[in-house]
Structures are given as structure tokens and as C-alpha cells.
Number of protein chains: 2
Amino acid sequence: MPRHKEFSESELLQTAVLLFWEKGYCDSSVDELIKRSGVAKYGIYATFGSKRALFKAVLKQYAEDRKKDIQKPLRQQQAALPEIVAFFSSLPAKLTKKDFQYGCLMANTGMELGLRDDEFSRMVKTFFEQTTEVMKACLDRAVELKQIDPQVDTEILARFLVNEFRTLLMLSSSGHKKRELKLQMETALTLLPLT
Amino acid sequence: MPRHKEFSESELLQTAVLLFWEKGYCDSSVDELIKRSGVAKYGIYATFGSKRALFKAVLKQYAEDRKKDIQKPLRQQQAALPEIVAFFSSLPAKLTKKDFQYGCLMANTGMELGLRDDEFSRMVKTFFEQTTEVMKACLDRAVELKQIDPQVDTEILARFLVNEFRTLLMLSSSGHKKRELKLQMETALTLLPLT
DNA sequence: ACTATTTCATACTACTTAGTCTGATATTAT
DNA sequence: ATAATATCAGACTAAGTAGTATGAAATAGT
């Protein structure tokens, strides 16, 4: 019997992702989302319920999207050391492209709300913990394939590498250019016991 | 002829530092500062002019304060390798004490405004560039004292160490506990060519 | 065609925001 | 004491905030 929606929920969500990505949680407003998406306030609240719930959906969508693009090299079945190196090598260019002009929403949210909102903080931590597991799996395969010293503690090294990843995200969100990211990445790869 | 102020400018500034440190720029309000400081709106605007100018003064004050406490080990005349190690070793405990319960205002501001506000971004970058210079001076002394390999590029290593510092600040602002900071710091110190 | 139901656009509430203005008050040089 | 001047408390403006309410319009099963 009902009239049906005039907008696409997934398009609305993508617009919301871009908005929160650009401005963070506190500085984004529902009115701004109305302007950008063309969707009426009713539609937004009927779909998501509140700004908070909307942001939760945004964080989930963002996490899925990043697993599929920027983290893809690491999440391939056979990924090992060469994929780790390729992943880091590609970051300075990727993080300074237009798609990433506002840094990383996960890293940004961790800094904005990590000490003030348990639920969102938890989501960010979970995202990077999952990334750590993926990284550890790559390192374990690298050990199997004798690509790295078998004495390495892959758990600890995986954490360190993910923090190196986060460092690059932080630098890009803090306005640093490709050159600086590249220097940081290369220094890290040189220092690490990856051969 | 004039009536004189009923409040201390430096106390007002310190209260403002704490407020912005806790909530960031966007989410802090002048009304909240009035409540916390007891100073009337007139007094705040007569002293600083605008929220923006107030935040500028806050960033300056914060930078000075951190040079005098947390960075002090590195800024001693004779600081070299032992002081660098001591500096990093002390961070996990210091960054999780009550004084630092809101992370680092410089690191936080870099993430909040690094891509959206040139002037504040510049101030944050300058702060960490100055820290890099101090770190490089320590490394150069360490080379002189034969504490580290003279082949090391102290400029590049200094940048890397300061980014390691920023990583610890980022982790603490993102809600990570002392144990995780300690693990990151120890891994970094193990990997670096510091002996 | 009619009716039930949902969406739409928009007005609205209640609150917060940065910043200004005002009239009373306190101080100090004369 | 008086006059000049700066500060104080609080009212005020204009805009923005999250979220709700409302009447009109559209749709689909009967």
C-alpha cells in the first residue's frame, strides 16, 4: 500500500560517508547532509534514526569499503612479504590522491572520539585489530615461505606494521605531503627485519 | 583611571588550554569556558578577540608547556642517545597519566584541522619540526660520542623518531592503554639502529 | 474508485553557537 | 570629590544544532 522512497539508501549512506570523512563527527550536521544528498530530513531520520546511528552505519560502510580497496593487497589468499611491501609502497601515492584527501575516517575518528566515546572508540579499535590479524597472517605465510627470519614474533611485528600504517594515515590527515609520507614509509621498510 | 581586571589572564589561558585539549577546537565553546573559568564573556573577548585567536594563544601556550615538561630530556644541553632512550621509555607512563588524559593537543589538532585550516596546520607542523631539530641535535651528539653508527643519516632518523613519538601520541588519543604504548615503544627501540 | 499507509516538504521546538551591546559599577588621576 | 575610563553581568542577535510534528501527495491492495 505504501508510497515508496524517492532516494537510494546506499547513495544517501555514501554521501554521509563523504561528509563525516571530510568534517568528522562533531562538525558534520544533518542539515548539511540534507543539502548534499537532496534527501529530506524525514527520509534521513526514518532510515537511520539519529545522527549517532547514522554515523555508526557510516563507520561500518567505510570499514567495508577500505577492506575492499586499500587493504586488498593484504587480504588476498596468498599474500605474504611481497604483498606487504607492495601495500606500504603504494600508500604514499594512494593517501594523497583525491579519494583520500580527508585522510582516513577510522584514524580520524579514533583521534576525535577515542577518549570520549566508548562505542565509536571500540569500532575503530576493532577495525585496526582486524587489520593486525590480516597482517599477521601475511607474516606467518612469509615465515613459511622463508621470506623472513623465522625467529620474528609475527604478532608483535604485525602490530608494529599496522601502527606504521596508522602513522602514514595520521601524517596524511595532518596535512603532510606525499614526499614526507614516502620518506617515512621507506625508512620504516629499511629498518624492519623483513629480509 | 580604569577599573582593573578581576581575573588572571594566565589562569584564563590555562583553563582554555584544558578545555580545547579535552574537546578539540570545534567542540569547545566560549560558553563552556565562561562556566569553567568564571570569567565573563566581555573579559574573554576583550583579552583574546575571538574564539580563533583564543585557540591560537592556547596552541602557543601548550607548545611552550610541552617543551618544558615532556620534551625536557631532549632539550638539555648535553642530551644524546641515553636521553633519547629515556625520553621514549618514559612516554607510555607519562601519556597515560591524568595530565595527559586527553592525548596531545598538538597531535589532536593536526588530525582535526590539518587538512582544513592552513594556519593551525602550520603551527602544528612547526611544533613537530622544532622537535625534529632537537632530536637531530641529540643524534648528532650521539654520533660525536660514538654512541651510534656514524653512517646513520641523523636527519632521516630524527624524522622517523619524531614520527614514532607522534605514533605514541596518536595511540594514546585513540584510547589505547599503557600496555599497548609500551609494546609499540619497545618494538621501535629494538628495531632502530641506535647502538 | 476507495482506503490505508507511507513518504514528502516544510514548519516547528528547544537548545547551543560566536559575537555584540548596554547600563551599572569600580577605579584612579586630577 | 569629581570626571574619565575600563570592567562587569547579563541581555541580545542571528545563525546553526538535533530532532519532531504536520498536512499534502503518492502508492497499492481491495
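The sequence lines fix the lettering, A, B, ..., with proteins before strands; numbering per chain opens at 1.
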(request) Nearest 0.5 Å please: distance from the CD1 atom of A/I70 over to the CG atom of A/L169. (result) 7.0 Å
(message) Distance to the ring centre below 6.0 angstrom and angle to the axis at most 45 degrees; does that hold for B/R116 and A/Y102?
(response) no
(request) Take the protein atom CD1 of A/I34 and the nucleotide atom P of D/dG16, then report the distance between them rounded to whole Å. (result) 13 Å
(message) Between A/D118 and A/R122 (salt bridge meaning N to carboxylate O under 4.0 Å), is one present in this structure?
(response) no
(request) Take the angle between the ring planes of A/F165 and A/F128 and call it parallel below 30°, perpendicular above 60°, tilted in between. (result) perpendicular
(message) How long is the straight-line distance from OG1 of A/T187 back to CD of B/E164, given to the nearest 0.5 Å?
(response) 12.0 Å
(request) Measure the OG1-NZ distance between A/T96 and A/K182 for me, rounded to the nearest 0.5 Å. (result) 10.5 Å
(request) Can you tell me the distance, in whole Å, between the CZ atom of A/F55 and the P atom of D/dA18? (result) 13 Å
(request) Kindly check if the number of other-residue, nucleotide or ligand heavy atoms within 6.0 Å of NZ (A/K67) is above 12? (result) yes
(request) State yes or no: do A/W21 and B/L115 share one hydrophobic cluster built from I, L, V, M, F, W and Y residues joined by side-chain heavy-atom distances below 4.5 Å, directly or via other members? (result) no
(request) Specify the residues of residues 109-122 of chain B, ordered by number, for which at least one heavy atom lies under 4.0 angstrom from an atom of DNA chain D. (result) none
(message) Under a 3.5 Å threshold, yes or no: a donor from one side chain and an acceptor from the other, between A/E112 and A/N108?
(response) no
(request) For the helix from C/dA1-D/dT30 to C/dT30-D/dA1, figure out the bend between the end axes, five pairs an end, and round to 10 degrees. (result) 0°
(request) Going 5' to 3' through nucleotides 15-22 of chain C, assign each nucleotide B (protein heavy atom under 4.0 Å from a base atom), S (under 4.0 Å only from sugar-phosphate atoms) or - (no protein heavy atom that close). (result) --BBBB--
(message) Does the Lys NZ or Arg CZ of B/K51 fall within the cation-pi geometry relative to B/Y25 - under 6.0 Å from the ring centre and within 45° of the axis?
(response) yes
(request) Calculate the interatomic distance between B/I44 atom CD1 and D/dA6 atom C1'; express it in whole Å. (result) 17 Å
